[in-house]
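In what follows, a single structure is set out as C-alpha cells and then discussed.
In this chain, numbering begins with 1 at the start of the sequence shown. Model, not experiment: these values are computed from the prediction.
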Amino acid sequence: MIKVAPSILSADYVNLQKDIEVVDNAGAEYLHIDVMDGQFVPSISYGAGWVKAIRPITNMILDVHLMVQNPERYVEDFVNAGADLVGVHVEATPHIHRALQMIKNAGAKAEVVINPGTPVEMIKPVLYMVDQVLVMTVNPGFGGQKFLPETIKKIAELDQIKKDQGLDFDIEIDGGVNNETVVAAYQAGATVAVAGSYVFDDADPASKVNAIKEATK
C-alpha cells in the first residue's frame, strides 16, 4: 500500500489546522509542503515560517519540496523550522551534491527531484546519498494538472536501480495523482504519492486519502 502525502498547496489556508487534522486522522503519513519562489516556477508560495507554524500541530512527516532557484540558500532555514525531509530539484542548482549534503548535515532526510523533461541519468551520481526521489508527474508550479503517463517509465527505471544497486530510497510521485493514476505508478515502484487538489478539493478529504490507499492494496 502506498503512503499518502496530501499537499497543503490545495488546502484551505484560513482553516489549515482543520484540514491537516482531517488528513492526519485519515492515516496520511506525510504532509507535502510546496515552496515556490516565482523564479524556478512562476508561482510564489510560503516560507519557513509556515513549516514552523505547522510543526507543533501534527506528527506527520513534513515533506518540504523546494521549487526554488539555488535551494542551498534555504535548506537550513526549513530544517530548523521542523522539516523532516527536504527535496531539491537537480535542475535548480549546479551543486546538487552539495545541496543534498547540506540537508543531511542539518539533520533532515534528503530528496532529489526531477521534472518530467529530465532523465533519470541526471541523478544517478547522487542516488546513493538520498532517502527519497521525487518524480514530478506534471510540470511543477501549478496544482490541478493531468498526470503524465510517460513518467511511469522513470519510476520503473528508478525501482530497477534500487534493486540492482541495493539502495533503499523511497520513490515519490507528485502531480495529477488520484485513485486511478496512482495504480500504474505504484505497480512501477512508487512508494509515496503526493495528492493536492484530489484530496482537498473534495468535501471529504479523508475519503480521498483512503481511496488512494485502497487502490494500491
Distance alone, cut at 3.5 Å: any donor-acceptor contact between the side chains of Asp63 and His65? no
Ignoring hydrogens and geometry, is there a side-chain-to-backbone donor-acceptor pair from Gln132 to Glu172 under 3.5 Å? no
I'd like to check Gln165 versus Tyr128 (side-chain heavy atoms, cut-off strictly below 4.5 Å). Are they in contact? no
Any donor-acceptor pair under 3.5 Å linking the side-chain atoms of Asn178 with those of Thr181? yes
State plainly whether the residues Lys208 and Asp204 are in salt-bridge range, i.e. N to O under 4.0 Å. no
Decide yes or no for Leu16 and Trp50: does some side-chain heavy atom of the first lie under 4.5 Å from some side-chain heavy atom of the second? yes
Walk me through whether His89 and Val68 qualify under side chain to side chain contact (heavy atoms under 4.5 Å, CB included). CA-CA 8 Å; His89 278 258; Val68 303; over 6 Å; no
Looking at Ile212, is its backbone amide N or carbonyl O close enough to the side chain of Thr216 to form a donor-acceptor pair, meaning the two atoms are under 3.5 Å apart? yes
Does the Tyr186 side chain pair with the main chain of Met1, one donor and one acceptor, at a distance under 3.5 Å? yes
If you count the non-hydrogen atoms of other residues, nucleotides and ligands that lie under 6.0 Å from CD in Glu76, is the total more than 12? no
So, Thr191 and Asp170: side-chain donor and acceptor under 3.5 Å apart, yes or no? yes
Side chains of Met122 and Ile96, heavy atoms from C-beta outward: is any pair under 4.5 Å? no
If we only count heavy atoms from C-beta on, is the Met102 to Val79 side-chain gap below 4.5 Å? no
The complete set of ring pair (Phe, Tyr, Trp, His ring centres under 6.0 Å) pairs with one or both residues in residues 159-180, sequence neighbours excluded, reads none
N/O donor-acceptor pair under 3.5 Å between Arg73 side chain and Gln69 backbone: yes
Quick one: do the Glu21 and Asn25 side chains pair a donor with an acceptor below 3.5 Å? no
Could Glu214 and Lys217 be called an ion pair, given the rule that one side-chain N must be under 4.0 Å from one carboxylate O? yes
Asn210 side chain vs Ala206 backbone, donor-acceptor pair below 3.5 Å: yes
Could you tell me whether a side-chain N or O of Asn115 sits under 3.5 Å from a main-chain N or O of Gly117, the two making a donor and an acceptor? no
Mind checking whether Ile123 and Thr118 have side chains closer than 4.5 Å, heavy atoms only? no
Give the intermediate values and the outcome of side chain to side chain contact (heavy atoms under 4.5 Å, CB included) for residues Glu29 and Val192. CA-CA 9 Å; Glu29 294 89 350; Val192 184; over 6 Å; no
Between Asp77 and Lys52, is there a salt bridge with N-O shorter than 4.0 Å? no
Between Lys124 and Glu121 (salt bridge meaning N to carboxylate O under 4.0 Å), is one present in this structure? yes
Asp131 side chain to Ala110 backbone, donor-acceptor under 3.5 Å: yes
Distance alone, cut at 3.5 Å: any donor-acceptor contact between the side chains of Ser10 and Asp201? no
So for atom CG, which belongs to Asn59, do other residues, nucleotides or ligands contribute more than 12 heavy atoms lying within a distance under 6.0 Å? no
Keeping Asn70 on the side-chain end and Glu72 on the backbone end, is there a donor-acceptor pair under 3.5 Å? no
Show the numbers, then the answer: is there a side chain to side chain contact (heavy atoms under 4.5 Å, CB included) between Leu9 and Tyr46? CA-CA 9 Å; Leu9 193 62; Tyr46 24 71; 4.0 Å; yes
For the hydrophobic clusters of this structure (ILVMFWY residues joined by side-chain heavy atoms under 4.5 Å, transitively), does one cluster hold both Ile44 and Val41? no
Determine yes or no for a side-chain-to-main-chain donor-acceptor pair under 3.5 angstrom, with Ser45 supplying the side chain and Asp34 the backbone. yes
Taking Asp12 for its side chain and Asp19 for its backbone only, find out whether a donor-acceptor pair lies under 3.5 Å. no
Taking salt bridge (Lys or Arg N to Asp or Glu O under 4.0 Å) as the test, write out the residues that go with Lys109, two or more places apart. none
Quick check on Asp168: does its CG atom have over 12 non-hydrogen neighbours (other residues, nucleotides or ligands) under 6.0 Å away? no
Side chain to side chain contact (heavy atoms under 4.5 Å, CB included) between Ile171 and Lys162: does it pass, once the steps are laid out? CA-CA 10 Å; Ile171 301 172; Lys162 282 175 65 175; 4.0 Å; yes
